[in-house]
Structures are given as C-alpha cells and as structure tokens.
K.L.:
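Quick one: this structure, given as structure tokens, is what I'll be asking you about.
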Amino acid sequence: MGFADQRFNVNLSILFTELPLLERPAAAAAAGFTAVELWWPWVDSPTPEQSELNALKKAIEDAGVQLTGLNFYAGQLPGPDRGALSIPGEESEKFRANIDVAADFAASLGCKALNALYGNRVEGVDPAEQDALALENLALAARAADRVGAIILIEALNQPESPKCPIVSAPKAIEIVDKVNAATGLGNAKFLMDLYHLSMNGEDLPSVIEQYAAKTGHVQIADNPGRGAPGTGSLPLEELLEQLKKAGYDGWVGLEYKAGDRPSAESFEWLPREAL
C-alpha cells in the first residue's frame, strides 16, 4: 500500500522546466514515467499556431508517454494570474477562444481531464458578476470536455499564495463543481484535490478525503512546507494517498512539486519504481 499502490504522473510545467518544453516528455520517460500532465504551455496565447500544437503532440507521442491532464488557458501561470475564466473582458474572451483548442488537443492525445482555473477577484468588479461569468464559461468548457469524452476539473488553490482567488477551500471548489453540473446536466465536473494547496489552507485533509473522494477527478501532491518532493516537508502523503485509495479513488496522482536546486530527474528517489 502507500506510494507503491498509486499511479503517478509528472507535471511538465513545474518539473523538468530546466529543459525546453519539447524535450520534457522524453526526459519524463527516461525517468521512468508513463504519463504526464501540463498547464497550458503557451501563456501568451490561447490559440497558438497549429505547428506549435503539432510539435508538442509529436514530442509526447515520440516519448511514448500518455497525456493525462491539461489546463485550459489560465493567463500568466506561473506568475500573477490564477486563471482567466472569471475575468471580464479580454481574459474571458481568451478563455473562450481556448476552449475548443484545448479540448481538441487533449482529444488528439487521448487526454481525459481538463483543468479550468477560476481566476482572481478584480478590483472594482462585483464578485457576483465575476461568478456569473465564471459559471457561464465553466458550462461552455464542460460541454466541450464532454464532446471529447473528458471531465472538467475545478481546483482549490491556497489563500496564502493566491490571496485574490476566491476558490481557496475544498468546500468552495465542491460548490462550484455542483453548480456546473447543475447548469449542464452532464455530471462531468469534478474536484481537483491538490493536497499541497489544501494543507496550506489548514484544512483537515483526512476529513476532506472522507467527504469528497467520490467527487474527485484528479489528485496532485507536493509536500508542505516548501512545495517540494514527498519527504521534504511534514505532510503524511503516503498515508493520505492510501486513504484516498481506500475511499475509492483509483486515478492518477500528479506530481506538482518543485525539484529545488537539483535536476528534476534527481527528485524521485522517494518514488517506488512500480508506481510509475
């Protein structure tokens, strides 16, 4: 049980970033991984040239890894932004322009999970206006995901690092999940349970797992403090993942941690080879 009983994939937007984007899938494969996930790679463009999409698709296919998760366009990430879909004006329009591009790219690689980051509160804009826009955009995204046989993920971030984001607790993320499913009737909105973010919020992780495992579509981990590899902080990640497994979660666990001042390939010594 524990780590050896999980399926881990590596997030290529936070690990292997010492390499150019197109070299990262092969590096993940060389480290033993069979699956990868990505934030939206083109932070300045929701609609990159088809040649750029094709090049990334080829890099993933040539590496022999499965793309298991992809973010919709989310603004400058990493950076000051925490999503685009609740931001009135240009950012919302960029998100909408990206929906089908991201869904079709995911479908071309058999990826079945698309993460839709909510976005920050905007000074001078009524939060209710932002929330109405968010629900409208999330419903559009959920329908596009359903078109390609995928789920849409709603992620809770953490308040200390994302003070302007309103989705900074598991119950709040679940509230949005339920609203999207009620709006579309599709039932394909799920919770992205990031144990690092939830721990930063001071949430009771065993209780979160007990309450929300059934609505969870993906799990991500990093240790706390520091957002490093398991074992660099104090979170009982092995026990928490075992609880998730017993609660019925059998999906991928995304490694979304920082390797620190060493090459990413050297940050997996904690990981049993059979979990890859």
Side-chain angles (χ1 to χ4, degrees), residues 9-28 36-63 65-122 125 130 133-134 136-148 150-155 157 161-162 164-165 167 192 218 220 254 256:
N9 69 292
V10 62
N11 188 303
L12 298 182
S13 298
I14 193 169
L15 285 160
F16 295 106
T17 54
E18 65 269 27
L19 299 173
L21 175 64
L22 298 184
E23 295 179 18
R24 295 176 205 169
V36 299
E37 63 184 37
L38 282 163
W39 303 341
W40 184 249
W42 300 278
V43 296
D44 295 319
S45 177
T47 55
E49 295 292 331
Q50 188 62 45
S51 59
E52 294 185 75
L53 292 161
N54 291 344
L56 180 57
K57 180 175 185 287
K58 184 176 187 300
I60 291 170
E61 290 176 334
D62 287 353
V65 292
Q66 174 66 47
L67 182 68
T68 55
L70 177 69
N71 283 16
F72 288 106
Y73 170 80
Q76 296 291 323
L77 188 74
D81 299 331
R82 294 294 184 268
L85 61 90
S86 68
I87 313 297
E90 183 180 0
E91 285 301 286
S92 172
E93 292 306 314
K94 286 182 177 180
F95 178 82
R96 291 190 184 196
N98 174 251
I99 289 174
D100 283 331
V101 176
D104 289 342
F105 182 74
S108 76
L109 286 161
C111 174
K112 299 296 185 184
L114 289 152
N115 185 22
L117 289 173
Y118 201 84
N120 291 326
R121 290 302 193 206
V122 178
V125 178
Q130 283 196 255
L133 176 64
E136 189 177 327
N137 282 337
L138 284 167
L140 291 171
R143 293 186 182 102
D146 182 69
R147 173 175 62 80
V148 298
I151 61 172
I152 182 174
L153 296 167
I154 308 298
E155 180 176 8
L157 303 182
E161 294 175 327
S162 303
K164 296 180 181 179
C165 179
I167 313 300
L192 196 168
H218 187 46
Q220 291 174 334
E256 200 184 51

K.L.:
Please name the pair of heavy atoms, one in Trp40 and one in Ser45, separated by the smallest distance, quoted to 0.1 Å.
P.N.:
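Scanning both residues, the minimum pair turns out to be NE1-O, 2.9 Å.
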K.L.:
Hey, could you give me the CD/CG distance between Gln76 and Asp44, rounded to the nearest 0.5 Å?
P.N.:
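Rounded to the nearest 0.5 Å, the CD-CG separation comes to 5.0 Å.
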K.L.:
Any heavy-atom pair between the side chains of Asn120 and Cys165 that's under 4.5 Å?
P.N.:
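Yes; the side chains approach each other to less than 4.5 Å.
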K.L.:
State whether the side chain of Asp81 and the backbone N or O of Gly83 hold a donor-acceptor pair below 3.5 Å, judged by distance alone.
P.N.:
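Not at all, since once roles are kept as given, no pair shorter than 3.5 Å links the two residues.
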K.L.:
Nearest 0.5 Å please: distance from the CD1 atom of Ile154 over to the CG atom of Leu117.
P.N.:
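The distance works out to 9.0 Å.
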K.L.:
Would Glu52 and Lys57 count as a salt bridge (charged side-chain N to carboxylate O under 4.0 Å, His left out) if you check the C-alpha gap in whole Å, the side-chain angles of each, and the deciding distance to 0.1 Å?
P.N.:
CA-CA 9 Å; Glu52 294 185 75; Lys57 180 175 185 287; over 6 Å; no
K.L.:
Name all pairs fulfilling the salt bridge (charged side-chain N to carboxylate O under 4.0 Å, His left out) condition that reach into residues 109-122, sequence neighbours left out, sorted by first residue then second.
P.N.:
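Every salt bridge (charged side-chain N to carboxylate O under 4.0 Å, His left out) pair that includes a residue of residues 109-122, provided the two are not neighbours, is Arg121-Asp131.
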K.L.:
For Ala116 versus Leu138, what's the shortest heavy-atom pair and its separation?
P.N.:
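Shortest heavy-atom separation between Ala116 and Leu138 comes out as CB-CD2, 3.6 Å.
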K.L.:
Which residues satisfy the salt bridge (Lys or Arg N to Asp or Glu O under 4.0 Å) test with Lys164, sequence neighbours excluded?
P.N.:
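Listed in chain order: nothing, the list is empty.
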K.L.:
Got a sec, which residues hit salt bridge (Lys or Arg N to Asp or Glu O under 4.0 Å) with Glu37, two or more places apart in sequence or on another chain?
P.N.:
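Salt bridge (Lys or Arg N to Asp or Glu O under 4.0 Å) check on Glu37 returns nothing, list empty.
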K.L.:
So which atom in Glu61 and which in Leu109 form the shortest heavy-atom distance, rounded to 0.1 Å?
P.N.:
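What the structure gives for the nearest pair is CG-CD2, 3.7 Å.
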K.L.:
Can you list every pair that meets ring pair (Phe, Tyr, Trp, His ring centres under 6.0 Å) and has a residue in residues 93-122, with sequence neighbours left out?
P.N.:
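Those involving residues 93-122 are Phe72-Phe95.
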K.L.:
Which heavy atom in Leu114 sits nearest to a heavy atom in Ala106, and how many Å separate them?
P.N.:
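What the structure gives for the nearest pair is CD2-CB, 4.0 Å.
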K.L.:
Is there a donor in the side chain of Glu256 and an acceptor in the side chain of Trp39, or the other way round, less than 3.5 Å apart?
P.N.:
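Side-chain D/A pair, Glu256 to Trp39: present.
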K.L.:
I need the Arg24 CZ to Ile60 CD1 distance, nearest 0.5 Å.
P.N.:
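Rounded to the nearest 0.5 Å, the CZ-CD1 separation comes to 11.0 Å.
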K.L.:
Under a 4.5 Å cut-off applied to non-hydrogen side-chain atoms, are Leu67 and Val36 in contact?
P.N.:
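In short, these two side chains touch, coming nearer than 4.5 Å.
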K.L.:
How close do Cys111 and Ala150 get, heavy atom to heavy atom, and via which atoms?
P.N.:
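Taking Cys111 first and Ala150 second, the nearest heavy atoms are O-CB, 4.3 Å.
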K.L.:
Got a second to check how far Ile87's CD1 is from Leu133's CG, nearest 0.5 Å?
P.N.:
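It is 8.5 Å, given to the nearest 0.5 Å.
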K.L.:
Kindly write out the residues that satisfy salt bridge (Lys or Arg N to Asp or Glu O under 4.0 Å) with Glu90, not counting sequence neighbours, or none if the list is empty.
P.N.:
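Glu90 satisfies salt bridge (Lys or Arg N to Asp or Glu O under 4.0 Å) with Lys94 once adjacent residues are dropped.
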K.L.:
For a quick test of your reading: what N or O donor-acceptor pairs under 3.5 Å do the side chains of residues 14-23 make, sequence neighbours left out?
P.N.:
{"residue": "Glu18", "atom": "OE1", "partner": "Ser264", "partner atom": "OG", "Å": "3.1"}
{"residue": "Glu18", "atom": "OE2", "partner": "Ser264", "partner atom": "N", "Å": "2.9"}
{"residue": "Glu18", "atom": "OE2", "partner": "Ser264", "partner atom": "OG", "Å": "3.4"}

K.L.:
Quick one, Ile152 and Asp146 - any side-chain contact, counting heavy atoms below 4.5 Å?
P.N.:
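Ile152 vs Asp146: side chains apart.
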K.L.:
Do the side chains of Arg82 and Glu155 get close enough for a salt bridge, i.e. N-O under 4.0 angstrom?
P.N.:
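Looking at Glu155 together with Arg82, the answer is no, because their closest N to O distance does not fall below 4.0 Å.
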K.L.:
Starting at CG of Leu56, measure out to CG of Leu38 and round the result to the nearest 0.5 Å.
P.N.:
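Here the interatomic distance stands at 6.0 Å.
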K.L.:
Between Tyr73 and Ile99, is a side chain to side chain contact (heavy atoms under 4.5 Å, CB included) present by the stated rule, with each step listed?
P.N.:
CA-CA 8 Å; Tyr73 170 80; Ile99 289 174; over 6 Å; no
K.L.:
Do Thr47 and Asn98 have side-chain heavy atoms sitting under 4.5 Å apart?
P.N.:
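Counting from C-beta outward, Thr47 and Asn98 never come under 4.5 Å.
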K.L.:
Taking side chain as C-beta onward, heavy atoms only, is Glu91 less than 4.5 Å from Val122?
P.N.:
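Result no, sub-4.5 Å side-chain heavy-atom pair not found.
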K.L.:
Atom CG of Asn9 and atom CD of Gln66: how far apart are they, to the nearest 0.5 Å?
P.N.:
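Rounded to the nearest 0.5 Å, the CG-CD separation comes to 10.0 Å.
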K.L.:
Under a 4.5 Å cut-off applied to non-hydrogen side-chain atoms, are Asn137 and Ser92 in contact?
P.N.:
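Yes; the side chains approach each other to less than 4.5 Å.
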K.L.:
On a heavy-atom basis, which atom in Ala113 and which in Thr68 lie closest, and how many Å separate them?
P.N.:
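Closest pair (atom of Ala113, atom of Thr68, distance): CB-O, 3.6 Å.
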